[in-house]
Amino acid sequence: MYRIIFVAVLVLNFVYSLTLYALSASQKKKPLPQNVRDVYDSAEYERWSRYSAEKARLGIFEKVFDFAVMLVMFLTNVFAWVYDLLPGGEYSKSILLLIIYMFVLTVVSIPFDYVRVMKIEEKYGFNKTTKKTFVLDQIKNFIVNTGLNVGLLCIVLALWNALGVWFFIAAYAVIALFVIVFSMLSMTFMKLFNKFTPLPEGELRDTLTELFRKSGYELSDIYVMDASSRTTKVNAYCTGLGRFKKIVLYDNLVNGYSTGEIAAVFSHELAHYKHKDTAKNTLYSLLMMLVVTVFLAAFVLVPEISIEFGFAAESVVFGMIVFTGFIGDMVMTILMIPSAFLSRKYEYRADRAAAEAGYAEEMITALKKLSKDNFADLNPHPIEVALEHSHPTVSMRAAALEGYSEK
(Lines give C-alpha, C1' and ligand atoms only; values in the text may rest on other atoms or scores of the structure.)
Protein backbone atom coordinates (compact mmCIF):
# COMPACT_ATOMS: atom_id res chain seq x y z
CA MET A 1 0.00 0.00 0.00
CA TYR A 2 2.72 2.51 0.96
CA ARG A 3 4.67 1.75 -2.20
CA ILE A 4 1.61 2.64 -4.27
CA ILE A 5 1.12 5.88 -2.34
CA PHE A 6 4.76 6.88 -2.80
CA VAL A 7 4.69 6.16 -6.53
CA ALA A 8 1.43 8.12 -6.84
CA VAL A 9 3.05 11.13 -5.14
CA LEU A 10 6.08 10.76 -7.39
CA VAL A 11 3.82 10.76 -10.47
CA LEU A 12 1.87 13.80 -9.23
CA ASN A 13 5.09 15.72 -8.65
CA PHE A 14 6.32 14.78 -12.12
CA VAL A 15 3.03 15.83 -13.78
CA TYR A 16 3.09 19.13 -11.85
CA SER A 17 6.58 19.93 -13.15
CA LEU A 18 5.65 19.10 -16.75
CA THR A 19 2.47 21.19 -16.45
CA LEU A 20 4.53 24.23 -15.45
CA TYR A 21 6.78 23.70 -18.47
CA ALA A 22 3.70 23.47 -20.71
CA LEU A 23 2.20 26.66 -19.25
CA SER A 24 5.50 28.47 -19.75
CA ALA A 25 5.71 27.32 -23.38
CA SER A 26 2.13 28.46 -24.10
CA GLN A 27 2.81 31.89 -22.58
CA LYS A 28 5.78 32.50 -24.89
CA LYS A 29 3.40 32.64 -27.84
CA LYS A 30 1.77 35.76 -26.38
CA PRO A 31 3.08 39.33 -26.90
CA LEU A 32 5.21 40.95 -24.21
CA PRO A 33 3.63 43.55 -21.89
CA GLN A 34 3.86 47.01 -23.41
CA ASN A 35 6.04 48.53 -20.68
CA VAL A 36 8.90 46.01 -21.10
CA ARG A 37 9.03 45.70 -24.90
CA ASP A 38 12.07 47.98 -24.94
CA VAL A 39 14.19 45.50 -22.93
CA TYR A 40 15.04 43.30 -25.93
CA ASP A 41 15.18 44.30 -29.57
CA SER A 42 13.86 41.76 -32.10
CA ALA A 43 17.24 40.03 -32.53
CA GLU A 44 17.86 39.83 -28.79
CA TYR A 45 14.35 38.51 -28.16
CA GLU A 46 14.85 35.79 -30.75
CA ARG A 47 18.13 34.92 -29.06
CA TRP A 48 16.39 34.82 -25.67
CA SER A 49 13.70 32.54 -27.11
CA ARG A 50 16.35 30.05 -28.27
CA TYR A 51 18.11 30.23 -24.90
CA SER A 52 14.86 29.70 -23.01
CA ALA A 53 13.86 26.78 -25.25
CA GLU A 54 17.23 25.05 -24.78
CA LYS A 55 17.03 25.41 -20.99
CA ALA A 56 13.45 24.13 -21.00
CA ARG A 57 14.33 21.07 -23.08
CA LEU A 58 17.21 20.26 -20.74
CA GLY A 59 14.95 20.79 -17.71
CA ILE A 60 12.28 18.45 -19.10
CA PHE A 61 14.84 15.78 -19.95
CA GLU A 62 16.31 16.08 -16.44
CA LYS A 63 12.84 15.74 -14.87
CA VAL A 64 12.12 12.64 -16.97
CA PHE A 65 15.49 11.10 -16.06
CA ASP A 66 15.09 11.86 -12.34
CA PHE A 67 11.56 10.46 -12.42
CA ALA A 68 12.81 7.23 -14.00
CA VAL A 69 15.63 6.86 -11.44
CA MET A 70 13.30 7.50 -8.49
CA LEU A 71 10.68 5.15 -9.93
CA VAL A 72 13.22 2.33 -10.10
CA MET A 73 14.41 3.07 -6.56
CA PHE A 74 10.95 3.00 -5.03
CA LEU A 75 9.49 0.15 -7.06
CA THR A 76 12.26 -2.08 -5.76
CA ASN A 77 13.89 -2.83 -2.41
CA VAL A 78 17.27 -1.53 -3.54
CA PHE A 79 17.79 0.56 -0.38
CA ALA A 80 17.29 -2.44 1.94
CA TRP A 81 19.44 -4.63 -0.32
CA VAL A 82 22.35 -2.13 -0.18
CA TYR A 83 21.83 -1.59 3.58
CA ASP A 84 22.14 -5.35 4.24
CA LEU A 85 25.40 -5.52 2.28
CA LEU A 86 27.04 -2.71 4.26
CA PRO A 87 29.35 -3.48 7.21
CA GLY A 88 28.83 -2.57 10.87
CA GLY A 89 25.82 -1.82 13.00
CA GLU A 90 22.90 0.58 12.68
CA TYR A 91 24.97 3.78 12.78
CA SER A 92 27.64 2.78 10.27
CA LYS A 93 25.13 1.13 7.90
CA SER A 94 22.83 4.17 8.01
CA ILE A 95 25.66 6.65 7.47
CA LEU A 96 27.11 4.66 4.58
CA LEU A 97 23.71 4.23 2.94
CA LEU A 98 23.05 7.97 3.14
CA ILE A 99 26.50 8.76 1.70
CA ILE A 100 25.94 6.33 -1.18
CA TYR A 101 22.51 7.85 -1.84
CA MET A 102 23.92 11.41 -1.83
CA PHE A 103 26.75 10.29 -4.11
CA VAL A 104 24.31 8.75 -6.60
CA LEU A 105 22.20 11.93 -6.63
CA THR A 106 25.33 14.01 -7.25
CA VAL A 107 26.61 11.77 -10.04
CA VAL A 108 23.31 11.71 -11.94
CA SER A 109 22.96 15.50 -11.66
CA ILE A 110 26.48 16.37 -12.87
CA PRO A 111 25.83 15.83 -16.62
CA PHE A 112 22.79 18.12 -16.50
CA ASP A 113 24.65 20.76 -14.48
CA TYR A 114 27.55 20.56 -16.92
CA VAL A 115 25.34 21.04 -19.99
CA ARG A 116 23.43 23.84 -18.28
CA VAL A 117 26.53 25.78 -17.19
CA MET A 118 29.34 24.79 -19.56
CA LYS A 119 27.27 24.40 -22.74
CA ILE A 120 24.09 26.51 -22.72
CA GLU A 121 25.33 29.37 -20.50
CA GLU A 122 28.65 29.27 -22.39
CA LYS A 123 26.91 29.33 -25.78
CA TYR A 124 24.98 32.48 -24.91
CA GLY A 125 27.94 34.28 -23.32
CA PHE A 126 27.00 34.11 -19.64
CA ASN A 127 29.35 31.48 -18.29
CA LYS A 128 32.71 32.44 -16.81
CA THR A 129 33.18 29.19 -14.88
CA THR A 130 36.24 27.18 -15.88
CA LYS A 131 36.12 23.39 -15.98
CA LYS A 132 38.39 23.32 -12.95
CA THR A 133 36.05 25.62 -10.99
CA PHE A 134 33.04 23.55 -12.07
CA VAL A 135 34.63 20.35 -10.76
CA LEU A 136 35.69 22.01 -7.50
CA ASP A 137 32.17 23.40 -7.00
CA GLN A 138 30.69 19.94 -7.46
CA ILE A 139 33.11 18.48 -4.92
CA LYS A 140 32.44 21.28 -2.40
CA ASN A 141 28.68 20.93 -2.83
CA PHE A 142 28.86 17.19 -2.28
CA ILE A 143 31.02 17.55 0.83
CA VAL A 144 28.88 20.30 2.37
CA ASN A 145 25.50 18.68 1.58
CA THR A 146 26.63 15.21 2.61
CA GLY A 147 28.27 16.52 5.77
CA LEU A 148 25.11 18.38 6.82
CA ASN A 149 22.85 15.40 6.06
CA VAL A 150 25.11 12.90 7.80
CA GLY A 151 25.38 15.18 10.82
CA LEU A 152 21.61 15.52 10.95
CA LEU A 153 21.19 11.75 10.57
CA CYS A 154 23.58 11.04 13.47
CA ILE A 155 21.71 13.46 15.71
CA VAL A 156 18.30 12.03 14.74
CA LEU A 157 19.56 8.47 15.31
CA ALA A 158 20.89 9.41 18.74
CA LEU A 159 17.62 11.11 19.66
CA TRP A 160 15.61 8.15 18.35
CA ASN A 161 17.59 5.69 20.45
CA ALA A 162 17.42 7.93 23.53
CA LEU A 163 13.85 9.24 23.36
CA GLY A 164 11.92 6.76 21.23
CA VAL A 165 8.61 8.08 19.87
CA TRP A 166 9.25 11.57 21.31
CA PHE A 167 12.46 12.00 19.32
CA PHE A 168 10.81 14.30 16.76
CA ILE A 169 10.40 17.13 19.31
CA ALA A 170 14.15 17.27 19.98
CA ALA A 171 14.80 16.63 16.27
CA TYR A 172 12.81 19.74 15.37
CA ALA A 173 14.85 21.79 17.84
CA VAL A 174 18.04 20.56 16.15
CA ILE A 175 16.69 21.24 12.64
CA ALA A 176 15.55 24.72 13.73
CA LEU A 177 19.03 25.40 15.10
CA PHE A 178 20.51 24.29 11.76
CA VAL A 179 18.25 26.73 9.89
CA ILE A 180 19.05 29.65 12.21
CA VAL A 181 22.81 29.04 12.18
CA PHE A 182 22.85 28.65 8.40
CA SER A 183 20.85 31.90 8.02
CA MET A 184 23.15 33.77 10.40
CA LEU A 185 26.35 32.48 8.83
CA SER A 186 25.20 32.17 5.22
CA MET A 187 28.07 34.33 3.96
CA THR A 188 30.56 32.06 5.73
CA PHE A 189 29.24 29.13 3.70
CA MET A 190 29.20 31.20 0.49
CA LYS A 191 32.86 32.03 1.00
CA LEU A 192 33.56 28.42 0.06
CA PHE A 193 32.57 29.38 -3.49
CA ASN A 194 33.11 33.14 -3.85
CA LYS A 195 35.28 35.98 -2.58
CA PHE A 196 33.74 38.94 -0.74
CA THR A 197 35.58 42.24 -0.53
CA PRO A 198 34.54 45.61 0.94
CA LEU A 199 33.25 48.17 -1.56
CA PRO A 200 36.13 50.57 -2.30
CA GLU A 201 36.06 54.18 -1.13
CA GLY A 202 34.61 56.67 -3.61
CA GLU A 203 31.40 58.28 -4.86
CA LEU A 204 29.43 55.04 -4.92
CA ARG A 205 30.36 54.03 -1.36
CA ASP A 206 29.65 57.57 -0.09
CA THR A 207 26.20 57.54 -1.74
CA LEU A 208 25.29 54.14 -0.33
CA THR A 209 26.64 55.00 3.13
CA GLU A 210 24.49 58.14 3.19
CA LEU A 211 21.41 56.11 2.23
CA PHE A 212 22.16 53.76 5.08
CA ARG A 213 22.65 56.65 7.54
CA LYS A 214 19.35 58.31 6.53
CA SER A 215 17.59 55.06 7.35
CA GLY A 216 18.95 55.23 10.88
CA TYR A 217 21.59 52.53 10.63
CA GLU A 218 25.32 52.45 11.12
CA LEU A 219 26.93 50.68 8.20
CA SER A 220 29.53 48.06 9.11
CA ASP A 221 30.39 47.34 5.49
CA ILE A 222 29.10 46.76 1.97
CA TYR A 223 30.43 43.65 0.29
CA VAL A 224 31.17 43.00 -3.36
CA MET A 225 31.04 39.37 -4.53
CA ASP A 226 33.26 38.18 -7.37
CA ALA A 227 30.29 36.84 -9.38
CA SER A 228 32.16 37.62 -12.62
CA SER A 229 34.42 34.62 -11.96
CA ARG A 230 31.42 32.41 -12.78
CA THR A 231 28.87 34.43 -14.75
CA THR A 232 28.09 37.72 -16.47
CA LYS A 233 24.69 37.88 -14.76
CA VAL A 234 23.86 40.55 -12.20
CA ASN A 235 22.29 40.58 -8.72
CA ALA A 236 22.32 42.04 -5.20
CA TYR A 237 20.92 40.58 -2.02
CA CYS A 238 20.57 40.90 1.74
CA THR A 239 21.77 37.94 3.78
CA GLY A 240 22.30 36.92 7.40
CA LEU A 241 20.49 37.67 10.66
CA GLY A 242 21.00 40.22 13.42
CA ARG A 243 24.54 41.55 13.65
CA PHE A 244 25.54 39.02 10.99
CA LYS A 245 23.30 40.76 8.41
CA LYS A 246 25.13 41.84 5.25
CA ILE A 247 24.24 43.55 1.98
CA VAL A 248 26.06 42.06 -1.00
CA LEU A 249 26.47 43.47 -4.51
CA TYR A 250 27.67 41.45 -7.50
CA ASP A 251 30.84 42.92 -9.00
CA ASN A 252 29.01 42.82 -12.36
CA LEU A 253 26.49 45.26 -10.88
CA VAL A 254 29.16 47.57 -9.46
CA ASN A 255 31.14 47.60 -12.70
CA GLY A 256 28.29 47.87 -15.20
CA TYR A 257 25.64 50.16 -13.68
CA SER A 258 25.45 53.88 -12.89
CA THR A 259 25.68 55.21 -9.35
CA GLY A 260 21.98 56.10 -9.45
CA GLU A 261 20.96 52.61 -10.60
CA ILE A 262 23.10 50.94 -7.96
CA ALA A 263 21.71 53.32 -5.33
CA ALA A 264 18.19 52.30 -6.42
CA VAL A 265 19.03 48.61 -6.07
CA PHE A 266 20.76 49.29 -2.74
CA SER A 267 17.70 51.21 -1.48
CA HIS A 268 15.62 48.17 -2.39
CA GLU A 269 17.93 45.82 -0.47
CA LEU A 270 18.12 48.27 2.42
CA ALA A 271 14.32 48.07 2.72
CA HIS A 272 14.61 44.29 3.10
CA TYR A 273 17.19 44.98 5.80
CA LYS A 274 15.04 47.59 7.54
CA HIS A 275 11.85 45.49 7.53
CA LYS A 276 13.71 42.34 8.63
CA ASP A 277 12.46 40.40 5.61
CA THR A 278 15.33 37.92 5.91
CA ALA A 279 14.32 37.18 9.50
CA LYS A 280 10.67 36.79 8.46
CA ASN A 281 11.67 34.35 5.72
CA THR A 282 13.74 32.44 8.26
CA LEU A 283 10.75 32.28 10.61
CA TYR A 284 8.61 30.89 7.81
CA SER A 285 11.35 28.38 7.06
CA LEU A 286 11.17 27.25 10.69
CA LEU A 287 7.42 26.73 10.32
CA MET A 288 8.03 24.70 7.17
CA MET A 289 10.66 22.65 8.97
CA LEU A 290 8.07 21.84 11.66
CA VAL A 291 5.85 20.30 8.98
CA VAL A 292 8.88 18.53 7.51
CA THR A 293 9.80 17.10 10.93
CA VAL A 294 6.25 15.81 11.46
CA PHE A 295 6.37 14.00 8.11
CA LEU A 296 9.83 12.63 8.87
CA ALA A 297 8.62 11.36 12.24
CA ALA A 298 5.66 9.69 10.54
CA PHE A 299 7.96 7.80 8.16
CA VAL A 300 10.11 6.62 11.06
CA LEU A 301 7.32 5.82 13.54
CA VAL A 302 5.34 3.66 11.09
CA PRO A 303 7.48 0.49 10.82
CA GLU A 304 5.25 -0.91 8.06
CA ILE A 305 6.70 1.66 5.67
CA SER A 306 10.30 0.49 6.04
CA ILE A 307 9.26 -3.19 6.22
CA GLU A 308 7.33 -2.91 2.93
CA PHE A 309 10.57 -1.76 1.30
CA GLY A 310 12.60 -4.71 2.62
CA PHE A 311 13.92 -3.48 5.98
CA ALA A 312 13.62 -5.69 9.05
CA ALA A 313 12.09 -2.89 11.16
CA GLU A 314 11.57 0.87 11.17
CA SER A 315 14.55 2.69 9.66
CA VAL A 316 15.50 6.29 10.43
CA VAL A 317 17.79 6.59 7.42
CA PHE A 318 15.17 5.17 5.04
CA GLY A 319 12.63 7.64 6.45
CA MET A 320 15.03 10.49 5.71
CA ILE A 321 15.75 9.22 2.20
CA VAL A 322 12.08 8.69 1.37
CA PHE A 323 11.16 12.15 2.55
CA THR A 324 14.09 14.07 1.07
CA GLY A 325 13.99 11.95 -2.10
CA PHE A 326 10.59 12.95 -3.39
CA ILE A 327 7.82 13.25 -0.76
CA GLY A 328 9.60 16.37 0.48
CA ASP A 329 9.46 17.94 -2.97
CA MET A 330 5.67 17.83 -3.01
CA VAL A 331 5.38 19.06 0.58
CA MET A 332 7.82 21.91 -0.02
CA THR A 333 6.08 22.87 -3.28
CA ILE A 334 2.80 23.30 -1.41
CA LEU A 335 4.42 25.16 1.50
CA MET A 336 6.31 27.51 -0.84
CA ILE A 337 3.12 28.93 -2.38
CA PRO A 338 2.29 31.21 0.60
CA SER A 339 6.01 31.89 1.04
CA ALA A 340 6.27 33.11 -2.56
CA PHE A 341 3.16 35.26 -2.08
CA LEU A 342 4.68 36.97 0.97
CA SER A 343 8.00 37.38 -0.80
CA ARG A 344 6.33 39.18 -3.73
CA LYS A 345 4.71 41.58 -1.23
CA TYR A 346 8.15 42.25 0.30
CA GLU A 347 9.53 43.01 -3.16
CA TYR A 348 6.82 45.57 -3.88
CA ARG A 349 7.48 47.21 -0.51
CA ALA A 350 11.23 47.33 -1.17
CA ASP A 351 10.62 48.87 -4.61
CA ARG A 352 8.41 51.50 -2.98
CA ALA A 353 11.25 52.35 -0.61
CA ALA A 354 13.54 52.94 -3.59
CA ALA A 355 10.91 55.24 -5.10
CA GLU A 356 10.52 57.12 -1.80
CA ALA A 357 14.29 57.61 -1.75
CA GLY A 358 13.95 59.38 -5.12
CA TYR A 359 15.12 56.50 -7.31
CA ALA A 360 11.88 55.34 -8.99
CA GLU A 361 13.12 56.05 -12.51
CA GLU A 362 16.57 54.58 -11.81
CA MET A 363 14.93 51.48 -10.28
CA ILE A 364 12.86 50.90 -13.41
CA THR A 365 15.96 51.35 -15.56
CA ALA A 366 17.96 49.02 -13.31
CA LEU A 367 15.21 46.36 -13.39
CA LYS A 368 15.15 46.44 -17.17
CA LYS A 369 18.94 46.27 -17.40
CA LEU A 370 18.98 43.41 -14.87
CA SER A 371 16.39 41.58 -16.97
CA LYS A 372 18.43 42.05 -20.11
CA ASP A 373 21.74 41.09 -18.48
CA ASN A 374 20.18 38.03 -16.82
CA PHE A 375 18.15 37.05 -19.90
CA ALA A 376 15.01 37.05 -17.77
CA ASP A 377 11.59 35.83 -18.84
CA LEU A 378 9.58 39.04 -19.24
CA ASN A 379 6.22 37.31 -19.59
CA PRO A 380 5.95 34.17 -17.40
CA HIS A 381 2.57 32.50 -17.07
CA PRO A 382 0.45 34.05 -14.26
CA ILE A 383 -0.15 30.61 -12.70
CA GLU A 384 3.59 29.95 -12.64
CA VAL A 385 4.17 33.33 -10.98
CA ALA A 386 1.48 32.69 -8.36
CA LEU A 387 2.77 29.22 -7.49
CA GLU A 388 6.52 29.61 -7.58
CA HIS A 389 7.89 33.10 -8.20
CA SER A 390 9.39 34.93 -5.23
CA HIS A 391 9.44 38.17 -7.28
CA PRO A 392 6.68 39.90 -9.28
CA THR A 393 7.36 40.19 -13.00
CA VAL A 394 9.42 43.15 -14.20
CA SER A 395 6.34 44.52 -15.95
CA MET A 396 4.34 44.41 -12.71
CA ARG A 397 7.15 46.02 -10.73
CA ALA A 398 7.70 48.77 -13.33
CA ALA A 399 3.97 49.58 -13.32
CA ALA A 400 3.95 49.75 -9.51
CA LEU A 401 7.05 52.00 -9.47
CA GLU A 402 5.43 54.35 -11.97
CA GLY A 403 2.41 54.52 -9.65
CA TYR A 404 4.61 55.27 -6.62
CA SER A 405 6.40 57.98 -8.59
CA GLU A 406 3.13 59.67 -9.59
CA LYS A 407 1.97 59.71 -5.96
Side-chain angles (χ1 to χ4, degrees), residues 33-40 196-225 227-228 231-240 245-278 281 343-378 389-407:
Q34 184 67 41
N35 63 347
V36 291
R37 290 183 184 176
D38 58 339
V39 173
Y40 301 125
F196 295 83
T197 56
L199 181 67
E201 297 291 338
E203 178 192 2
L204 177 58
R205 185 182 178 91
D206 292 342
T207 300
L208 301 187
T209 301
E210 181 62 16
L211 281 172
F212 216 88
R213 188 191 62 78
K214 286 181 178 178
S215 295
Y217 293 98
E218 288 297 325
L219 181 63
S220 59
D221 221 327
I222 306 167
Y223 290 91
V224 180
M225 189 180 91
S228 60
T231 182
T232 63
K233 294 184 176 180
V234 182
N235 198 9
Y237 58 88
C238 184
T239 185
K245 192 182 294 290
K246 302 289 188 299
I247 291 179
V248 178
L249 310 174
Y250 276 25
D251 57 352
N252 298 328
L253 175 70
V254 173
N255 297 330
Y257 286 61
S258 70
T259 298
E261 290 164 346
I262 296 172
V265 174
F266 187 84
S267 297
H268 173 101
E269 296 304 323
L270 181 57
H272 286 313
Y273 186 108
K274 182 176 181 179
H275 292 285
K276 298 179 172 59
D277 291 339
T278 303
N281 288 333
S343 179
R344 290 192 298 272
K345 290 187 66 175
Y346 298 159
E347 293 302 318
Y348 279 127
R349 184 174 61 192
D351 283 346
R352 184 169 65 248
E356 290 170 351
Y359 293 108
E361 184 176 341
E362 289 86 349
M363 190 67 197
I364 294 173
T365 303
L367 285 172
K368 290 184 175 182
K369 287 179 68 173
L370 284 164
S371 299
K372 183 176 180 178
D373 290 341
N374 293 336
F375 244 23
D377 185 353
L378 299 177
H389 283 212
S390 61
H391 288 58
T393 66
V394 175
S395 174
M396 295 162 68
R397 293 175 70 179
L401 279 162
E402 288 168 358
Y404 300 147
S405 182
E406 289 172 2
K407 291 178 182 178

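Atom set for the values below is all heavy atoms of this structure, side chains included, hydrogens, waters and symmetry mates excluded. In this chain, residues are counted from 1 in sequence order.
Note that NE2 of His268 and CG of Leu367 are 8.0 Å apart. Values are rounded to the nearest 0.5 Å. Rounded to the nearest 0.5 angstrom, Met363 CE and Leu401 CG are separated by 6.5 Å. Note: Asp206 CG to Glu201 CD = 6.5 Å, rounded to the nearest 0.5 Å.
Closest approach of Ser390 to Glu347, counting heavy atoms only: O-CG, 3.8 Å. Of all the heavy atoms in Ala271 and Ala350, the pair that sits closest is CB-CA, 3.6 Å. Taking all atoms of both residues into account, the shortest heavy-atom contact from Arg397 to Asp351 is NE-OD2, 2.8 Å. The two residues Tyr40 and Ser371 come nearest to each other via the heavy atoms OH-O, 3.2 Å. Closest approach of Arg344 to His389, counting heavy atoms only: NH1-O, 2.8 Å.
In Lys369, the NZ atom is crowded: over 12 heavy atoms of neighbouring residues, nucleotides or ligands sit closer than 6.0 Å.
Side-chain contact between Thr207 and Phe266 is absent, with no heavy-atom pair separated by less than 4.5 Å. Between Met396 and Tyr348, the closest side-chain pair of non-hydrogen atoms falls below 4.5 Å. Residues Val39 and Val394 are not in side-chain contact: their nearest non-hydrogen atoms beyond the backbone lie 4.5 Å or more apart.
Under a 3.5 Å cut-off, the side chain of Tyr257 and the backbone N or O of Leu370 do form a donor-acceptor pair. At distances below 3.5 Å, at least one donor-acceptor pair connects side-chain atoms of Asn35 with backbone N or O atoms of Ser395.
Here Asp377 pairs with nothing under the side-chain hydrogen bond (donor to acceptor under 3.5 Å, both in side chains) rule; sequence neighbours left out. Legend: residues meeting salt bridge (Lys or Arg N to Asp or Glu O under 4.0 Å) with Arg349, ordered by chain and number and at least two apart, are Asp277.
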Worked verdict on Thr393 versus Val36 for side chain to side chain contact (heavy atoms under 4.5 Å, CB included): CA-CA 10 Å; Thr393 66; Val36 291; over 6 Å; no
